[in-house]
Amino acid sequence: MADTLIDSVTESREPTRTVYRFALTRPVYGYQALYENGAFKLSIRRPPVVDASEPLRGMTIVVDPGHPPIGATGPTGLFEPVPTLAVGLRVRDLLEARGAHVVMTRTTAAPVALGDRPIIARRANANAFISIHLNADGDGQNPFRDNGTGTYYFHQQSRLFARTVQDALAPQLGLRNRGIFYQNLAVCRSTWFPAVLAEGLFIIMPDQEAAIKTPQYQEAYARGVVDGLEKFFATFAQ
Ligand SMILES: [Zn+2]
C-alpha cells in the first residue's frame with residue numbers, strides 16, 4: 001500500500017549486518033525500535049495532524065517540572081523544584097485552555113525518579129515533552145558573566161522544538177538569550193516524541209532567584225513555554 005510518509009525502503013546485506021534505509025518524504029517526527037516476540041520492529045511516527053487556527057488542540061503534552069530528588073538551591077535557599085512546579089502547573093492550565101491534553105510527571109513536592117519521567121511520556125503517547133528547570137551550572141563558564149535563558153535538546157528531531165521554545169521564552173523572561181544547546185540529558189533521550197529541557201533562568205543569580213518567586217514571573221515563564229509549544233505544532237499545520 002502506498003504510504004505518504006515513507007518514500008522508499010532499501011535493504012543491503014553485508015557480511016556481518018543487514019542495513020535498512022528508510023527515505024522519508026518529511027523530516028522524521030519520532031521513531032522506536034523494539035525486539036518483540038522474536039522479531040525486530042521499527043516504528044516510524046507520523047507528524048500530528050494540526051489545525052492551523054488552534055495548533056495545540058488535541059495534542060498530548062507531557063509537562064515535567066524539574067526535580068526532586070536533588071535540584072539547585074538559590075542564594076536565599078529557594079529550592080528549584082518549588083518554582084518549577086508552580087511554573088509547570090501554570091503551563092498545564094494555559095495548555096488546557098488552548099485545547100491540549102496535558103500529563104504532568106508530578107503535581108506535588110514528592111520525588112519522581114529521573115528515569116520514570118520519559119516513561120510517563122511514552123505511556124501517554126506524548127506528542128511532545130517539555131522539562132522545566134532553573135539553571136545553576138554555568139557549563140564551565142562563570143555564571144555571573146554567562147547567565148540567562150537556554151533550551152536543551154538531544155535528538156535532531158527535537159531541534160526545531162528547542163528553537164521555537166527558546167525564541168518564545170527568552171523575550172518573555174527578558175534575560176540574556178543563551179540560545180539552544182545540544183546535550184545528552186536523560187529526559188531528552190526518547191526518540192518517540194520531541195523532547196526539550198528549558199533552563200529559563202539562573203536560580204543562583206540573586207536577582208533571578210528573587211524574580212522567579214513572584215507569580216508574575218512564573219506566569220511569564222509558563223507563557224513562553226506555551227507559546228513555544230504552539231509555534232512548534234503550528235509548523236505541522238497543513
Ligand atoms: Zn534542574
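Every number for a ligand or one of its atoms is a count from 1 in the order of the listing. No hydrogens, no waters, no symmetry mates; every other heavy atom, side chains included, goes into these values.
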Exercise for review: Could you tell me whether the side chain of His155 and the main chain of Arg189 form a donor-acceptor pair under 3.5 Å?
Suggested key: yes
The atom of Glu80 among N, O or S that is nearest the Zn ion (ligand 1) is OE2
Looking at His133, the N/O/S atom that lies nearest to the Zn ion (ligand 1) is called ND1
Among N, O or S atoms, His67 approaches the Zn ion (ligand 1) most closely through NE2
Q) Do the two ring centres, one from Tyr182 and one from Phe154, sit under 6.0 Å apart? A) yes
Sub-6.0 Å ring centroid separation between Tyr152 and Phe181
yes
Closer than 4.0 angstrom, basic N to acidic O: yes or no for Arg176 and Asp146?
yes
